[in-house]
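Notes for the one structure printed next.
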Amino acid sequence: MYKRILILIVSVFTVSSLTSCVEAVKESQKIIVESQKPELIGKFFPIESQGIKLFLPKEFKKLSKTEYLELVEKSEDSIVISFENERLRNLYLSGHDIYLFQHLESGSILSLIPTKYFKFNKADAQLLLNQIRANHDEISYSTGLKFEKKEARFFETREAQIFKAIYTLKIPEVEDEYFKQVYFVSFNKKSFALSLETGFPVDFDPFLEKIRIL
């Protein structure tokens, strides 16, 4: 069962389309940073069918799958368009859903995939990390995208297990780099994978801590 779940989780950790231009990212950076101060500025986005309430900066908007694919189409990158359509199709065929959110000023994308609950440990987290690395290698070979791991760690409490990894992503012939944070969380008999893609470093941990799992 672990292997099936780990393969599914990797599907949310693969690269999606960052639709914002560099200028929009730079202009919105201050807004994102402001929302990371001790008194977080944000609001809850309920996913009622899953009993999960995400706490995100108030500039985020929930996207339908159709709206997300329209954003992908605007990239005019045939590789990205084909890849994202295939990724979502595989998720649907697996019987899992995906919840998508976009930061309106920066175009940053957050995605969440609920999975079957399982309590995992450090060894499982290492398997997940290995699977993500293999997946990134495959993407790099077929698209030229370059991934670099900046951080990966596993931590747990009496009630929760959390895997976190941060990657930078470089696109061929583009000087700027993008950042991808990935999490897998098990808590209160629920598990989910979460991915955040931005054009600059963001500390998402304070927002993760405020997520409510009912």
*Are Ser186 and Lys119 close enough that some pair of their side-chain heavy atoms sits under 4.5 Å apart?*
no
*asked:* Are there over 12 heavy-atom neighbours, none belonging to Lys170, within less than 6.0 Å of that residue's NZ?
replied: no
*Could you tell me whether the side chain of Asn121 and the main chain of Ala123 form a donor-acceptor pair under 3.5 Å?*
yes
_Partner of Phe184 by ring-ring contact (aromatic ring centres under 6.0 Å, His included), out of Tyr117, Phe163, Phe120_ = Phe120
*asked:* Classify the ring geometry of Phe147 against His136: parallel below 30°, tilted from 30° to 60°, perpendicular beyond 60°.
replied: parallel
*Nearest atoms (heavy-atom pairs only) where Gln181 meets Asp203*: NE2-N, 4.5 Å
*asked:* Hydrophobic clusters here meaning ILVMFWY residues chained together by side-chain heavy-atom distances under 4.5 Å, can you tell me if Leu169 and Ile166 are in one?
replied: no
_Set out, in order, the CA-CA distance, both residues' side-chain angles and the distance that settles side-chain contact (heavy atoms from CB on, under 4.5 Å) for Phe154 and Leu128, then state yes or no._
CA-CA 11 Å; Phe154 167 80; Leu128 175 56; over 6 Å; no
*asked:* One pair to check against salt bridge (Lys or Arg N to Asp or Glu O under 4.0 Å): Asp205 and Arg153. What are the steps and the verdict?
replied: CA-CA 13 Å; Asp205 288 6; Arg153 59 194 178 103; 3.3 Å; yes
*Taking atom types as modelled, find out whether Gln131 and Asn135 have a side-chain donor-acceptor pair closer than 3.5 angstrom.*
no
*Step by step, work out the salt bridge (Lys or Arg N to Asp or Glu O under 4.0 Å) result for Lys65 and Glu67.*
CA-CA 5 Å; Lys65 299 172 189 67; Glu67 289 172 326; over 6 Å; no
*Give the C-alpha distance, both sets of side-chain angles, the deciding distance and a yes or no for side-chain contact (heavy atoms from CB on, under 4.5 Å) between Lys210 and Leu40.*
CA-CA 10 Å; Lys210 284 185 170 289; Leu40 292 180; 3.8 Å; yes
*With side-chain contact (heavy atoms from CB on, under 4.5 Å) as the test, would you mind laying out the steps for Thr198 and Ile109 before giving the verdict?*
CA-CA 7 Å; Thr198 63; Ile109 296 293; over 6 Å; no
*Looking just at side-chain N and O atoms, do Ser108 and Ser106 make a donor-acceptor pair shorter than 3.5 Å?*
yes
*Could you tell me whether Glu138 atom CD has more than 12 heavy atoms of other residues or ligands within 6.0 Å of it?*
no
*Please answer whether the main-chain N or O of Leu145 pairs with a side-chain N or O of Ser140 as donor and acceptor at a distance below 3.5 Å.*
yes
*For Tyr99, what residues pass the ring-ring contact (aromatic ring centres under 6.0 Å, His included) criterion, not counting sequence neighbours?*
none
_Residue pair Asp97 / Ile113: nearest heavy atoms and the distance that separates them_ = O-CG2, 3.4 Å
_Please tell me whether Ser195 and Lys180 have a donor and an acceptor in their side chains that are separated by less than 3.5 angstrom._
yes
*Indicate the atoms forming the closest heavy-atom contact of Phe60 with Phe45, along with that distance.*
O-CZ, 3.2 Å
*asked:* Tell me whether Lys190 contacts the main-chain N or O of Leu214 through its side chain, where contact means a donor paired with an acceptor under 3.5 Å.
replied: yes
*Which heavy-atom pair separates Leu54 from Phe101 by the least distance, and what is that distance?*
CD1-CE1, 3.5 Å
_Nearest non-hydrogen partners of Phe204 and Leu110, listed with the distance_ = CZ-CD1, 3.7 Å
*asked:* Determine whether a donor-acceptor pair (N or O, by modelled atom type, separation under 3.5 Å) exists between the side chain of Ser191 and the backbone of Phe118.
replied: yes
*Hphob cluster co-occupancy, Leu69 + Leu104, side-chain heavy atoms under 4.5 angstrom*: no
*For the hydrophobic clusters of this structure (ILVMFWY residues joined by side-chain heavy atoms under 4.5 Å, transitively), does one cluster hold both Phe187 and Leu112?*
yes
_Restricting to non-hydrogen atoms, name the atom on Arg212 and the atom on Phe44 that form the minimum distance, rounded to 0.1 Å._
CG-CE2, 3.7 Å
_Short N-O contact, Lys149 and Glu151, less than 4.0 angstrom_ = no
_Is the shortest side-chain heavy-atom distance between Tyr167 and Val182 below 4.5 Å?_
yes
*Can you check side-chain contact (heavy atoms from CB on, under 4.5 Å) on Tyr178 and Thr168, steps first, answer last?*
CA-CA 6 Å; Tyr178 297 96; Thr168 57; over 6 Å; no
